[in-house]
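What follows is a set of notes on a single structure, which appears directly below.
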2 protein chains.
Amino acid sequence: MTASRPTSPASPPTASGTARRPSVKDVARLAGVSVGTVSNVVNGRTFVRAEARERVEAAIAELGFVRNATAKALRTGVSPLVGVAVLDLANPFFMEAATGMERRLNQDGCVMALSSTHSDVEEEARLLHALAGQGVRGILLTPSDTALTVAHEVVGRGIPVVLFDSPATPPDMPSISVDDQKGAELALTHLLGLGHRRIAFLNGPRRVRQARDRLAGVRRAVSLAARRSAGGAGRPASRRPSPNDRVDLVEIPLESFTANAARDRVHQLLLDAGIHAGPAPRPLPASFPTAFFCANDLIAFGAMTALRDAGVRVPTDVSLVGFDDIPMASEMSVPLTTIRQPMEELGWAAAEALFATADGAPVGHRKFLPSLVERASAAPPPDRPDQSGR
Amino acid sequence: MTASRPTSPASPPTASGTARRPSVKDVARLAGVSVGTVSNVVNGRTFVRAEARERVEAAIAELGFVRNATAKALRTGVSPLVGVAVLDLANPFFMEAATGMERRLNQDGCVMALSSTHSDVEEEARLLHALAGQGVRGILLTPSDTALTVAHEVVGRGIPVVLFDSPATPPDMPSISVDDQKGAELALTHLLGLGHRRIAFLNGPRRVRQARDRLAGVRRAVSLAARRSAGGAGRPASRRPSPNDRVDLVEIPLESFTANAARDRVHQLLLDAGIHAGPAPRPLPASFPTAFFCANDLIAFGAMTALRDAGVRVPTDVSLVGFDDIPMASEMSVPLTTIRQPMEELGWAAAEALFATADGAPVGHRKFLPSLVERASAAPPPDRPDQSGR
DNA sequence: CTGAAAGCGCTTACAG
DNA sequence: CTGAAAGCGCTTACAG
């Protein structure tokens with residue numbers, strides 16, 4: 001009365017003609033052991049007798065058995081799936097980061113389910129719910145929503161969420177970010193060190209946090225430089241203020257972090273300075289900035305284009321510094337000096353934080369330091385005022 | 001003797017302090033119905049009595065019940081997870097395509113698990129095995145391996161695979177590709193129509209299929225044009241061969257489809273033609289190509305950079321046509337005329353093919369037609385030979 | 001060291 | 001129209 005190979009009335013539909021995938025039961029039968037032993041072998045339990053293990057391994061090989069991850073997930077309550085929700089799949093920054101996340105996730109046998117929120121709060125909510133319904137082991141999220149409402153809800157359901165590219169420090173979610181202020185400070189200090197004193201900051205829109213933080217960094221570098229020169233090695237009181245010490249900084253916020261916005265704006269700037277398009281080099285007025293710090297590489301790209309359209313040489317006439325170090329930065333017509341965000345490392349760290357939190361580590365908030373990468377687009381300023389008299 | 005709320009000896013570990021996620025059982029109890037009825041409501045079965053349905057819905061709302069997708073997958077044998085394996089996450093082409101895939105997948109309630117093979121056959125194999133072990137509903141694969149060995153194995157296991165950006169036509173896998181030959185033909189026909197007769201084809205390495213196909217298309221357009229002019233409206237036999245009809249085509253294969261490779265090569269070409277770097281426009285020798293067709297947009301970008309570095313104007317002195325229409329194409333210093341691959345549509349179609357195949361539709365191989373998008377980088381050729389005598 | 005059994009959370013014929 | 005029960009493929013105390 002043993003129901004060997006029972007035809008279950010509730011057996012799930014199988015693709016017609018496709019052989020059913022072998023299960024532990026099949027392996028157990030072939031190896032002449034119980035399913036528990038098969039499971040123990042599959043999970044590398046050391047106490048299995050060598051002889052039994054061998055028979056099981058042979059059976060596994062013969063049947064081509066592969067453990068059903070879904071069943072394992074249901075039984076153990078942990079899924080290998082990790083959801084990753086970024087703002088935009090087409091953005092190099094996120095894709096570099098995703099590469100890092102994937103590497104770390106794979107190391108722990110997890111699989112990355114990458115999707116995009118398109119910077120939309122509604123879409124973010126839908127995606128978060130869908131992922132939670134999937135029973136993912138965790139979610140790596142670049143939030144569009146500063147309120148983090150749905151994210152908190154998900155965490156409340158027991159699914160860890162780590163905030164990526166966000167400086168938020170909620171008590172229940174680790175976060176990974178880079179110090180935008182320090183990055184901007186680095187860029188400006190570099191330009192100042194090169195001798196630039198008339199600098200324009202081509203920023204993104206103020207409503208985005210990165211733009212605000214980078215502006216703060218720019219200002220900080222300028223005031224730091226002023227203080228340093230005021231309190232220099234000589235006798236501070238007697239030191240006559242040199243024209244070289246006064247920094248002329250202007251912020252120019254664009255409507256978006258794009259090449260087009262930057263190109264149009266710089267084109268206009270050039271027109272205002274009396275420089276019209278044309279490839280022949282012509283002298284820039286002394287009042288024109290000798291350097292542009294750009295809030296990201298795309299902006300730098302647009303600026304470079306506009307400058308070159310007008311016959312302005314980079315870096316001979318004007319220096320340029322970007323932010324991000326996307327792959328294109330080194331491929332621009334003049335390789336871009338920029339502030340590097342360690343994108344892959346950031347991604348790796350986010351995945352790391354997920355595992356750590358799941359293991360009960362306290363919720364941490366890591367802030368990475370960006371670094372300067374010097375290429376060809378920034379050089380000492382031209383000696384414009386003296387250029388005719390020399 | 002009813003074992004109400006049994007403390008299973010084998011209950012899975014739950015995160016400490018976290019409330020267990022409500023299950024159908026909890027909902028059933030609260031609503032005073034059986035779990036089967038809960039399931040029927042959740043699945044929108046129409047035969048459920050209105051009164052029962054309402055009670056169930058109320059209970060679902062009260063408990064915040066979300067169906068466990070893992071259990072559903074185990075029971076029904078179908079997972080909502082669809083694996084997507086592309087060559088490179090940082091490549092705009094794949095990311096645009098992924099956007100299309102995601103949209104179509106989401107429409108059927110599937111979630112995309114995107115990863116990269118880094119164009120490596122070994123990695124592809126590992127990834128395919130991992131995805132299969134996950135019990136994915138299907139896989140969208142851009143193959144690095146022309147043998148398709150692991151892919152066939154996966155299909156043999158009952159997991160449908162669709163080939164993306166591959167013209168292969170195996171009997172067991174649908175494929176989606178774009179007609180590279182036609183695309184190249186389109187580009188060349190455009191250039192020819194504009195009046196260009198001295199054209200350089202900046203190709204990628206011949207070992208990649210796309211490069212070979214695009215070369216074939218370029219050649220086809222040229223021979224078609226020759227035939228057409230030979231057999232024109234007039235008396236073919238009496239027609240004197242006009243210098244305008246002879247097409248001077250040269251293929252220049254690069255080592256990679258990158259901007260850097262293109263820039264270096266074009267820089268060298270310019271040097272060979274006696275043109276040295278410098279922003280001042282100078283006459284190009286008559287032998288210099290009046291147009292470059294580039295095997296992808298990145299190559300066009302590099303070529304544009306090198307040309308502009310030498311003071312060569314685009315399109316006044318030299319025309320440029322690209323291939324792909326990546327987002328950057330329209331942001332270049334002179335917006336690029338290019339051959340558009342319908343990237344999102346391709347991705348959508350791949351997902352579509354997966355569902356169709358799973359529904360038993362015959363394995364199809366769709367080939368998309370690329371299209372010309374005219375922007376600013378291509379114009380009629382300059383009248384170089386006459387330019388001094390005019 | 002190993003087998004038998006329970007149970008993860010669902011869905012689905014089947015009986016009523 | 002609904003309930004009771006089986007079973008998807010695993011893992012894991014428990015008994016031996």
Side-chain angles (χ1 to χ4, degrees), chain A residues 2-3 5-14 20-29 31-56 60 63 65-80 133-135, chain B residues 2-14 20-29 31-56 60 63 65-80 133-135 158:
Chain A
T2 48
R5 200 174 296 175
T7 303
S8 155
S11 67
T14 56
R20 190 176 53 79
R21 187 174 158 179
S23 75
V24 275
K25 236 185 274 183
D26 301 307
V27 175
R29 197 172 328 154
V33 297
S34 74
V35 296
T37 298
V38 173
S39 177
N40 287 144
V41 169
V42 169
N43 289 297
R45 232 66 75 173
T46 53
F47 54 71
V48 182
R49 205 166 22 116
E51 198 241 346
R53 174 199 313 290
E54 276 157 26
R55 287 216 313 278
V56 169
I60 286 177
L63 296 173
F65 168 79
V66 180
R67 188 218 284 96
N68 181 323
T70 304
K72 181 189 163 114
L74 177 60
R75 182 56 179 76
T76 61
V78 338
S79 158
Q134 269 347 290
Chain B
T2 48
S4 67
R5 200 174 297 173
T7 302
S8 157
S11 68
T14 56
R20 191 175 53 79
R21 190 174 156 177
S23 74
V24 275
K25 237 185 275 183
D26 301 307
V27 176
R29 197 172 326 155
V33 297
S34 72
V35 294
T37 298
V38 174
S39 177
N40 287 144
V41 168
V42 168
N43 290 295
R45 232 66 74 171
T46 52
F47 54 72
V48 181
R49 204 164 25 114
E51 197 243 344
R53 173 198 316 290
E54 276 156 26
R55 285 218 311 279
V56 169
I60 286 177
L63 296 173
F65 168 78
V66 180
R67 189 217 284 99
N68 180 324
T70 304
K72 180 189 164 115
L74 178 60
R75 181 57 179 75
T76 61
V78 338
S79 158
Q134 267 349 287

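A note on names: the letters A, B, ... follow the listed sequences, proteins ahead of strands, and every chain is numbered from 1. Computed from a prediction, not measured in an experiment: that's the story for all the values here.
The interatomic distance linking B:Asn43 (CG) with D:dT2 (P) rounds to 15 Å, in whole Å. One can place CZ of B:Arg53 at 14 Å from P of D:dG3, the figure rounded to the nearest angstrom. As a whole-Å value, the separation of B:Asp26 CG from C:dG9 C1' is 10 Å. In this structure, A:Arg29 atom CZ and C:dG3 atom P are separated by 15 Å, rounded to whole Å. Between the CZ atom of B:Arg67 and the P atom of D:dC8 there is a distance of 20 Å, rounded to whole Å. Remark: P of C:dG7 and CZ of B:Arg75 are 19 Å apart, rounded to the nearest angstrom. Separating the CZ atom of A:Arg55 from the P atom of C:dC1 is a distance of 15 Å, rounded to the nearest angstrom. If you take CZ of B:Phe65 and C1' of C:dG9, they are 8 Å apart, rounded to a whole angstrom.
Listed for the A:Arg21 side chain is a donor-acceptor partner under 3.5 Å among the backbone atoms of A:Val66.
At least one side-chain heavy atom of B:Asn68 sits less than 4.5 Å from a side-chain heavy atom of A:Leu74. Side-chain contact between B:Asn40 and B:Phe47 is present, with at least one heavy-atom pair separated by less than 4.5 Å. When side chains are defined from C-beta on, B:Val42 does not count as touching B:Val24, because their heavy atoms never get closer than 4.5 Å. Between A:Asn43 and A:Lys72 there is a side-chain heavy-atom pair separated by less than 4.5 Å. A:Asp26 places a side-chain heavy atom less than 4.5 Å from the side chain of A:Arg29.
B:Ala52 comes within 4.0 angstrom of the backbone, heavy atoms only, and of no base. Residue contacts shown for B:Val33 are limited to sugar-phosphate atoms, with no base heavy atom under 4.0 Å away.
The nucleotide whose nearest atom lies closest to any side-chain atom of A:Val48 is, among D:dC10, C:dT2, C:dT11, C:dT2.
In this structure, A:Val35 and A:Lys25 approach most closely via the heavy-atom pair CG1-CA, 3.8 Å. Of all heavy-atom pairs spanning B:Ala28 and B:Ser34, the tightest one is CB-C, 3.8 Å.
Stem analysis of DNA chain C (at least three stacked-register Watson-Crick or G-U pairs, each with both distances under 3.5 Å) gives C:1-3 with D:14-16, C:5-12 with D:5-12, C:14-16 with D:1-3.
Residue whose closest nucleotide on DNA chain D sits further toward the 5' end, between A:Ala69 and B:Gly32: B:Gly32.
Residues that satisfy the salt bridge (Lys or Arg N to Asp or Glu O under 4.0 Å) test with A:Arg49, not counting sequence neighbours, are A:Glu51.
For the segment residues 34-41 of chain B, the set of residues with a heavy atom within less than 4.0 Å of an atom of DNA chain D comprises B:Ser34, B:Thr37, in numerical order.
Remark: B:Arg45 is in phosphate contact with C:dT12, judged by side-chain N or O atoms under 4.0 Å from OP1 or OP2. Remark: B:Lys25 is in phosphate contact with C:dC8, judged by side-chain N or O atoms under 4.0 Å from OP1 or OP2.
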